[in-house]
Amino acid sequence: MCARRPTTLRVNTLRGSEQELERFLRHQGVKHRRISWCPHAFLLTALHERDVETWDWYREGRIYLQSLSSMIPVLALAPRPGERVLDIAAAPGGKTTQMAALMENQGSILAVELNAVRAQRLRHNVMLQGCRIVEVRTGRGEKIGDEMPGYFDRVLLDVPCSGEGRFIVGEPATSRSWSRRLIADRARLQQKLLGGGVKALRPGGVLVYSTCTLNLQENERIIQHALERFALKTEKLPVSIPGSWSGVGVPNAVRIFPDAEKEGFFICRMRKTA
């Protein structure tokens with residue numbers, strides 16, 4: 001558990017630049033810091049998210065409020081312009097829009113979300129952020145592999161989880177839904193989603209699996225099962241994250257433990273070898 005963290009956000013480079021945002025923040029007298037290891041990310045030391053939501057920058061989709069840990073899976077996947085990308089369990093769209101910006105709106109992203117209400121929120125964010133290459137689909141992400149086997153260059157699987165990395169001291173609501181049964185239910189779903197993602201990935205393509213939880217059952221054991229079942233090998237992340245631990249239980253997998261700036265997260269990058 002950790003105390004509440006500072007507000008962090010990401011510049012949407014499809015609509016603005018870091019330099020423009022920095023000039024705006026200085027003009028407004030907003031205390032801020034750029035995050036050296038995370039492109040386009042800013043930390044605001046004295047503002048809440050509700051303050052940022054009043055800015056034109058926010059309403060026009062020029063920035064996206066997002067935790068630092070949540071930005072890491074996309075950096076690990078490293079999608080490139082012109083590629084075909086699958087984003088499973090994509091709502092509310094922070095990682096989807098981050099990928100579209102990194103890809104410079106070139107290529108294609110299929111963003112799949114099971115929950116219809118969350119899918120609508122995803123569509124709203126995609127449109128607001130100007131992400132023209134994104135197709136939003138409401139449905140089961142694990143089925144995409146059957147429909148489009150071997151089609152995608154990269155697959156992002158930031159899966160539903162028990163959320164242990166987001167628990168906050170003094171805020172019981174952040175952990176109220178947690179239970180051992182929830183962990184078991186999530187693990188079964190995660191295995192299904194990962195199997196579908198691997199099937200949708202082309203040979204030689206890259207898949208990133210991530211959660212915002214800390215237990216072995218939803219993290220290392222899911223990856224160990226996948227490595228035994230599929231033609232996959234883990235790879236070192238192409239980004240270095242301060243305060244992270246690599247290779248604990250699974251080669252190259254990274255654990256981020258909660259600290260003053262980051263939520264707890266687990267990230268593993270894998271390549272399909274056949």
| field | Pair Ile183-Trp178, side-chain contact (heavy atoms from CB on, under 4.5 Å): steps then yes or no | value | CA-CA 8 Å; Ile183 290 174; Trp178 183 93; 3.6 Å; yes

Determine, for Asp259 against Lys262, whether the closest basic-nitrogen to carboxylate-oxygen distance falls under 4.0 angstrom. yes

Polar contact flag, side-chain donor to acceptor under 3.5 angstrom, Asn219-Thr211: yes

Practice task
Please tell me if the side chains of Val52 and Ile63 come closer than 4.5 Å, counting only heavy atoms from C-beta onward.
Solution key: yes

Checklist line | Gln106 (side chain) donor-acceptor with Gly82 (main chain) under 3.5 angstrom | finding: no

Exercise. Thinking salt bridges, do Arg59 and Glu53 make one under a 4.0 Å N-O criterion?
Worked result: no

- Query: Any Lys/Arg nitrogen of Arg34 or Glu18 sitting under 4.0 Å from an Asp/Glu carboxylate oxygen of the other?
  - Reply: yes

CD1 of Ile241 to CZ of Arg255, rounded to nearest 0.5 Å, is 14.0 Å

Q. Is Leu156 linked to Ile133 within one hydrophobic cluster, defined over Ile, Leu, Val, Met, Phe, Trp and Tyr using a side-chain heavy-atom separation of less than 4.5 Å?
A. yes

Review point. Okay, side chain of Arg121, backbone of Pro92: is any donor-acceptor separation there less than 3.5 Å?
Key: no

- Query: Would Gln66 and Leu9 count as a side-chain contact (heavy atoms from CB on, under 4.5 Å) if you check the C-alpha gap in whole Å, the side-chain angles of each, and the deciding distance to 0.1 Å?
  - Reply: CA-CA 5 Å; Gln66 190 173 3; Leu9 56 83; over 6 Å; no

*Could you state whether Leu86 and Leu232 fall into the same hydrophobic cluster, counting links through intermediate Ile, Leu, Val, Met, Phe, Trp or Tyr residues with side-chain heavy atoms under 4.5 angstrom apart?*
yes

query = Hey, is the main chain of Val30 close enough, under 3.5 Å, to the side chain of His32 for a donor-acceptor pair?
reply = yes

Can any side-chain N or O of Gln98 pair as donor or acceptor with the backbone N or O of Met71 at less than 3.5 Å? yes

**Report entry** Quiz item: cation-pi between Arg62 and Trp57, 6.0 Å / 45°
**Finding:** yes

* **Side chain Tyr64, main chain Gly94, donor-acceptor under 3.5 Å** => yes

Taking Val126 as the starting point, is it possible to reach Met103 by hopping between hydrophobic residues whose side chains are less than 4.5 Å apart?
yes

Next on the checklist: Is the shortest side-chain heavy-atom distance between Arg84 and Leu110 below 4.5 Å?
Outcome noted: no

Assess the residue pair Arg10 and Thr97 against the criterion (side-chain hydrogen bond (donor to acceptor under 3.5 Å, both in side chains)); give the C-alpha distance rounded to whole Å, side-chain angles, the decisive distance to 0.1 Å, and a yes or no. CA-CA 10 Å; Arg10 171 178 52 79; Thr97 55; 3.1 Å; yes

Could you tell me how the ring of Tyr209 sits relative to the ring of Phe266: parallel (under 30°), tilted (30 to 60°) or perpendicular (over 60°)?
perpendicular

(message) Hydrophobic cluster membership, with links at side-chain heavy-atom distances under 4.5 Å among I/L/V/M/F/W/Y: are Ile88 and Val208 in one?
(response) no

Donor-acceptor contact present, side-chain Asp51 to main-chain His48, <3.5 Å
yes

Looking only at heavy atoms, the pair that brings Val136 and Ala119 closest together is CG1-O, 4.0 Å

Donor-acceptor pair, Arg269 side chain versus Ala76 backbone, under 3.5 Å? yes

Nearest heavy-atom contact between Val254 and Ser244 is CG1-CB, 3.6 Å

Nearest heavy-atom contact between Gly197 and Leu157 is CA-CD1, 4.5 Å

Any luck finding a side-chain donor-acceptor pair between Ser69 and Glu263 under 3.5 Å?
no

Distance col, row Leu194:CG vs Leu207:CG, nearest 0.5 angstrom, shows 6.0 Å

In short, Ala100 meets Val134 closest at the heavy-atom pair CB-CG2, 4.3 Å

On a heavy-atom basis, the closest approach of Gln224 and Gly249 is NE2-O, 3.3 Å

In this structure, CG of Leu14 is separated from CD of Glu104 (nearest 0.5 Å) by 8.5 Å

Side chain Thr213, main chain Cys161, donor-acceptor under 3.5 Å: no

Salt bridge (charged side-chain N to carboxylate O under 4.0 Å, His left out) with Glu147: of Lys199, Arg137, Arg140, only one passes, and it is Arg137

Going by an N to O cut-off under 4.0 Å, is there a salt bridge joining Glu113 and Arg123? no

Please walk me through it: do Glu135 and Ile109 pass side-chain contact (heavy atoms from CB on, under 4.5 Å)? CA-CA 6 Å; Glu135 175 192 347; Ile109 300 173; over 6 Å; no

To the nearest 0.5 Å, atom CG of Asp185 lies from atom CG of Leu189 at 9.0 Å

Decide, yes or no, whether a salt bridge links Asp153 with Arg202 under the criterion of side-chain N to carboxylate O below 4.0 Å.
-> yes

Between Ser210 and Asp158, the two heavy atoms sitting closest are OG-OD1, 2.6 Å

Exercise. Give the intermediate values and the outcome of side-chain contact (heavy atoms from CB on, under 4.5 Å) for residues Phe42 and Arg33.
Key: CA-CA 6 Å; Phe42 286 72; Arg33 175 164 56 86; over 6 Å; no

Would you say the side chain of Asp56 lies within less than 4.5 Å of the side chain of Tyr58, judging by non-hydrogen atoms?
no

Quick one: do the Thr7 and Arg50 side chains pair a donor with an acceptor below 3.5 Å? no

Q. Using a distance-only test with no angle check, is there a side-chain donor-acceptor pair under 3.5 angstrom linking Thr8 and Ser67?
A. no

Discussion item. If we ignore hydrogens and angles and just use 3.5 Å, is the side chain of Lys272 paired with the main-chain N or O of Ala231 as donor and acceptor?
Written reply: no

Do Glu218 and Arg186 meet the salt-bridge criterion of a basic N to acidic O distance under 4.0 Å?
no

Hphob cluster co-occupancy, Val239 + Phe265, side-chain heavy atoms under 4.5 angstrom
yes

Value for CG (Asn12) from OG (Ser17), rounded to nearest 0.5 Å, stands at 11.0 Å

Under 4.0 Å between a side-chain nitrogen and a carboxylate oxygen: does that hold for Arg154 and Glu83? yes

